[in-house]
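The structure appears right after this line, and notes come after that.
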Amino acid sequence: MNAPIRVAVTGAAGNIGYALLFRIAAGDCYGKDQPVILQLLELTPGMKALEGVVMELMDSAFPLLHGIEISDDANKAFKGANQAFLVGSRPRTKEMSRADLIMANGPIFVGQGKALAAHAASDLRVLVVGNPCNTNALIAMNAGREIPRDRWHAMTRLDENRAKAQIAAKVGAVPGAVSNMGIWGNHSDTMFPDFRHALVNGKAVTDLCDRTWLETDFVKTVATRGKAIIEARGASSAASAASAAIDHMSSLWHGTPPGDFTSMGVCSNGAYGVPEGLIFSYPVTAKAGDWQVVAGLDQDAFANARIANTIKELESERDTVKDLLA
Ligand code: NAD
Ligand code: LMR
């Protein structure tokens, strides 16, 4: 058994938090030999509900759960954190785009970025889930600039999982048969789910699916799935979002399988012409907490147009929050 790691989760009494904490405690993220201490942050009015979640975590008697700490103060909740899931923030309603949340949610990530830089462990890795997650991660990274830039992540794994599920359903395979499915850009309608390199049991998706379907219905379904869920459930995705957060941090911790890649919103160093410093989702490989953008993926006019569009949107979101980046 390894020494326990400290895992901070914000918005711990919320819908995603409720689906996420039990999976982390069960060993679904860091493995069955990795104990965890959960450090949970909520707003003051959410603390009572969080106490109920803590009772349920205790009552689950998870062998790997070596401690639970709760606070409404980020400076306490992030103390010594090795891993952080930044979930706490408002979800959108069906009339809104994710970008409409920037002014409500952006400021949260200034304080939390600073608190992480001041109190977290030196090996910290951070996943921003709260929307709009790319720009919130940008805000947190700027506020916590003592933390190396490659430690900050935004979640587009849900988009990757959705893309895999759509392709699997189309060709009559299971989602686990789909590999090399990359998401480029923003976690928004402008993202590019890149079917061009994806494989089903090693066969090119472009040979198995109609190109027009891939370029139209497939891209649109993946890019607008969050809204479709809000319209159907009356609330934004929660269990699938928690599952994707587990997948993201698990891939970072355990590494990606040989020959495959995944999607992570990370700080651009200019790869594929993306302006340096934007938090941009790329196809990446990961190993032991570090990641690398997959090099040499060929681009075509369709991909270039979508990538240019999603860059433009991220630049515009960055302009909107420029006062939070000072
Ligand atoms: P929710 O409203 O059910 O829960 C959010 C929780 O966060 C609440 O308990 C609230 O009290 C708490 N909170 C708010 N501000 C906080 C702060 N400053 N510090 C600590 N806690 C705070 O919402 P949810 O369904 O859990 O969604 C959370 C966020 O995740 C939303 O912004 C949503 O849009 C986003 N989301 C992202 C993805 C993705 O793929 N990146 C997927 C689904 C949802
Ligand atoms: C999602 O993709 O399901 C989330 O980002 C929630 C939303 O607002 O779409």
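Counting convention: from 1, in listed order, for ligands and their atoms alike. Just so it is clear, the values below take in all heavy atoms, side chains as well, and ignore hydrogens, waters and symmetry mates. Numbers here are sequence positions counted from 1.
The closest approach between Q112 and ligand 1 falls below 4.0 Å for a heavy atom of the residue. Within the 4.0 Å heavy-atom cutoff, C133 counts among the residues contacting ligand 1. Heavy atoms of R225 stay at 4.0 angstrom or farther from ligand 2. Under a 4.0 angstrom heavy-atom cut-off, N131 registers as being in contact with ligand 2. Taking a 4.0 Å cut-off on heavy atoms, L101 fails to register as neighbouring ligand 2.
Looking only at heavy atoms of the protein, atom 37 (C) of ligand 1 is closest to V129 O, 2.9 Å. From the protein, the heavy atom lying nearest to atom 5 (O) of ligand 2 is H187 NE2, 2.6 Å. Closest to atom 18 (N) of ligand 1 among all protein heavy atoms lies I108 CG2, 3.4 Å. Scanning the protein for heavy atoms near atom 36 (N) of ligand 1, the closest one is N131 ND2, 3.4 Å. I16 CD1, 3.5 Å is the protein heavy atom nearest to atom 27 (O) of ligand 1. Atom 21 (N) of ligand 1 has G11 N, 3.4 Å as its closest protein atom, hydrogens excluded (heavy atom only). Looking only at protein heavy atoms, the nearest one to atom 5 (C) of ligand 1 is S89 O, 3.5 Å.
The list of side-chain hydrogen bond (donor to acceptor under 3.5 Å, both in side chains) pairs with a residue in residues 302-312, not counting sequence neighbours, reads T190-T310.
Against a heavy-atom cut-off of under 4.0 Å, I230 is close to the following atoms of ligand 2: 7 (C), 8 (O). Numbered from 1 in the order shown, with element, the atoms of ligand 2 that lie under 4.0 Å from a heavy atom of S237 read 1 (C), 3 (O), 4 (C).
Looking at S237 next to ligand 1, no N or O pair under 3.5 Å apart turns up. Considering backbone and side-chain atoms alike, E42 places an N or O below 3.5 Å from some N or O of ligand 1. Polar contact check, T10 against ligand 1: no nitrogen or oxygen pair lies under 3.5 Å apart. On a distance-only criterion, L158 and ligand 1 share no N/O pair closer than 3.5 Å.
The nearest non-hydrogen atom to atom 1 (C) of ligand 2, considering only M155, R162, R92, comes from R162.
In terms of modelled atom types and a separation under 3.5 Å, the side chain of Q39 and the main chain of K79 share a donor-acceptor contact. Between the N136 side chain and the G130 main chain, a donor and an acceptor come within less than 3.5 Å of each other. Looking at Q83, its side chain never comes within 3.5 Å of a backbone N or O of R125 through a donor-acceptor pair.
When heavy-atom distances to ligand 1 are checked against a 4.0 Å cut-off, R90 comes that close only through its backbone atoms N, CA, C and O. With a heavy-atom cut-off of 4.0 Å, D159 does not touch ligand 2 at all. When non-hydrogen atoms are compared, ligand 1 lies under 4.0 Å from the side chain of H187 (C-beta onward) but not from its backbone. At a heavy-atom distance under 4.0 Å, atoms from both the backbone and the side chain of P91 approach ligand 1.
Across all their heavy atoms, G270 and Y282 have their closest contact at C-OH, 4.4 Å. Closest of all the heavy-atom pairs between S179 and D260 is CB-OD1, 3.5 Å.
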